[in-house]
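Right, one structure below, let's go through it.
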Amino acid sequence: MYQIKQLDAQNTAQIIAFDKLCFPTDFWKEEDWQDLLRDKRAAYYALLDSDNIVGDVFIYNWQGEKDYVKIMNVAVHPNYRNQGLASRLLNHAAKEMERLGMFRFCGETRASNRAMKKVFTNCGYALNKVEENYYHNPEESAWKYVLQGEKTGLS
């Protein structure tokens, strides 16, 4: 059975290795991970199979400033995909943030990432806009999604 656990900067090496596995051409820099994992507004939830990360959702809580939660990263190990794990992770993050009074969630994915677009839709997110040339390596548009209000039904 999988377990969702919040990880922090002490787990940086494991998190970076997982990010590179899931995004071999477009992973985050080590310095970015280190800075964000030390930020009190950031939360990294790992889906673990034993002690191995098989999925993650990384969020940034803009409460009091922009009043939304930014979905920074969602990933599932290639061998564990198509099991609904990304949806489980997104819903877990929403529940955790709703406990803090946060009810607006924003995230984006590459235009070509049909699987993630489906995950956002299945979790109740609505397409808000398409931003051209948002991603690099390779250049691609972003589909930006929003989940709004206490209607999430996750509480």
Side-chain angles (χ1 to χ4, degrees), residues 1-39 41-61 68-100 102-128 130-131 134-147 152-155:
M1 192 68 184
Y2 306 124
Q3 170 190 8
I4 297 177
K5 181 177 178 184
Q6 188 169 351
L7 302 183
D8 57 26
Q10 294 177 358
N11 307 97
T12 302
Q14 187 180 15
I15 291 167
I16 290 171
F18 184 72
D19 189 45
K20 287 181 178 180
L21 170 75
C22 293
F23 304 105
T25 62
D26 196 21
F27 53 85
W28 290 11
K29 295 177 187 165
E30 182 174 346
E31 308 82 52
D32 294 336
W33 275 115
Q34 289 174 350
D35 290 346
L36 284 166
L37 289 168
R38 287 185 178 89
D39 191 320
R41 291 178 178 231
Y44 181 95
Y45 298 103
L47 184 67
L48 302 173
D49 185 356
S50 298
D51 289 331
N52 299 314
I53 299 174
V54 297
D56 69 17
V57 61
F58 186 56
I59 60 174
Y60 197 85
N61 183 352
Y68 68 88
V69 175
K70 169 73 173 168
I71 309 299
M72 304 285 288
N73 191 47
V74 179
V76 175
H77 188 291
N79 296 340
Y80 290 78
R81 292 181 181 159
N82 301 311
Q83 298 179 39
L85 301 178
S87 295
R88 181 175 169 187
L89 284 158
L90 270 182
N91 289 335
H92 177 82
K95 284 180 191 176
E96 292 297 313
M97 292 298 102
E98 285 182 353
R99 289 187 185 111
L100 299 175
M102 296 300 291
F103 299 99
R104 185 167 187 249
F105 303 85
C106 301
E108 68 271 332
T109 191
R110 288 179 174 274
S112 63
N113 191 339
R114 292 187 315 248
M116 193 62 216
K117 290 192 272 188
K118 184 176 179 183
V119 169
F120 276 129
T121 301
N122 289 347
C123 290
Y125 285 71
L127 180 63
N128 187 45
V130 175
E131 189 169 326
Y134 183 84
Y135 290 105
H136 308 286
N137 197 20
E139 290 286 327
E140 194 167 353
S141 299
W143 284 40
K144 297 193 169 201
Y145 289 86
V146 175
L147 179 66
T152 58
L154 299 172
S155 299

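- Judged as a ring-ring contact (aromatic ring centres under 6.0 Å, His included), and not counting sequence neighbours, the contacts of Y45 are H92.
- Between I71 atom CD1 and M116 atom CE the span is 8.0 Å, to the nearest 0.5 Å.
- The distance from atom CG of L89 to atom CG of L85, rounded to the nearest 0.5 Å, is 7.0 Å.
- Atom-to-atom distance recorded for F58:CZ and N73:CG is 8.0 Å, nearest 0.5 angstrom.
- In terms of heavy atoms, Y135 sits closest to A142 at CE1-CB, 3.6 Å.
- Exactly one residue among M97, R104, E96 makes a side-chain contact (heavy atoms from CB on, under 4.5 Å) with V69. That residue is M97.
- One finds the CD1 atom of I59 at 10.5 Å from the CE atom of M72 (value rounded to the nearest 0.5 Å).
- Taking the side chain to side chain contact (heavy atoms under 4.5 Å, CB included) definition, one finds that E139 meets it with N133, H136, sequence neighbours left out.
- Aromatic ring centres of F120 and Y145: separated by under 6.0 Å.
- The side-chain hydrogen bond (donor to acceptor under 3.5 Å, both in side chains) contacts involving residues 106-120 comprise D26-R110, K70-E108, E108-Y134, T109-N113, R110-E140, S112-E140, where partners must be two or more places apart or lie in separate chains.
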Side chain to side chain contact (heavy atoms under 4.5 Å, CB included) evaluation trace for Y125 with L90: CA-CA 10 Å; Y125 285 71; L90 270 182; 4.0 Å; yes

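- Counting only distance, with no hydrogens or angles, the side chain of D56 and the backbone of A75 share a donor-acceptor pair below 3.5 Å.
- Residue pairs meeting the side-chain hydrogen bond (donor to acceptor under 3.5 Å, both in side chains) criterion with at least one member in residues 78-90, sequence neighbours excluded: Y2-Q83, D49-Y80.
- For the atom pair Q34 CD and T12 OG1, the distance stands at 5.5 Å (nearest 0.5 Å).
- Taking the side chain to side chain contact (heavy atoms under 4.5 Å, CB included) definition, one finds that I15 meets it with L7, N11, W33, L37, Y44, I53, sequence neighbours left out.
- Y60 pairs by the ring-ring contact (aromatic ring centres under 6.0 Å, His included) definition with W62, not counting sequence neighbours.
- Nearest approach of L147 to G124, heavy atoms of both residues: CD1-O, 3.3 Å.
- Considering all non-hydrogen atoms of both residues, V76 and A86 come closest at CG2-N, 3.8 Å.
- Summarising the geometry, atom CG belonging to D19 is positioned 12.5 Å from atom CD belonging to Q14; distances are rounded to the nearest 0.5 Å.
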Stepwise side chain to side chain contact (heavy atoms under 4.5 Å, CB included) test for V119 and V74: CA-CA 10 Å; V119 169; V74 179; 5.7 Å; no

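- Proximity of L36 to W28: side-chain heavy atoms (C-beta onward) are separated by under 4.5 Å at one or more points.
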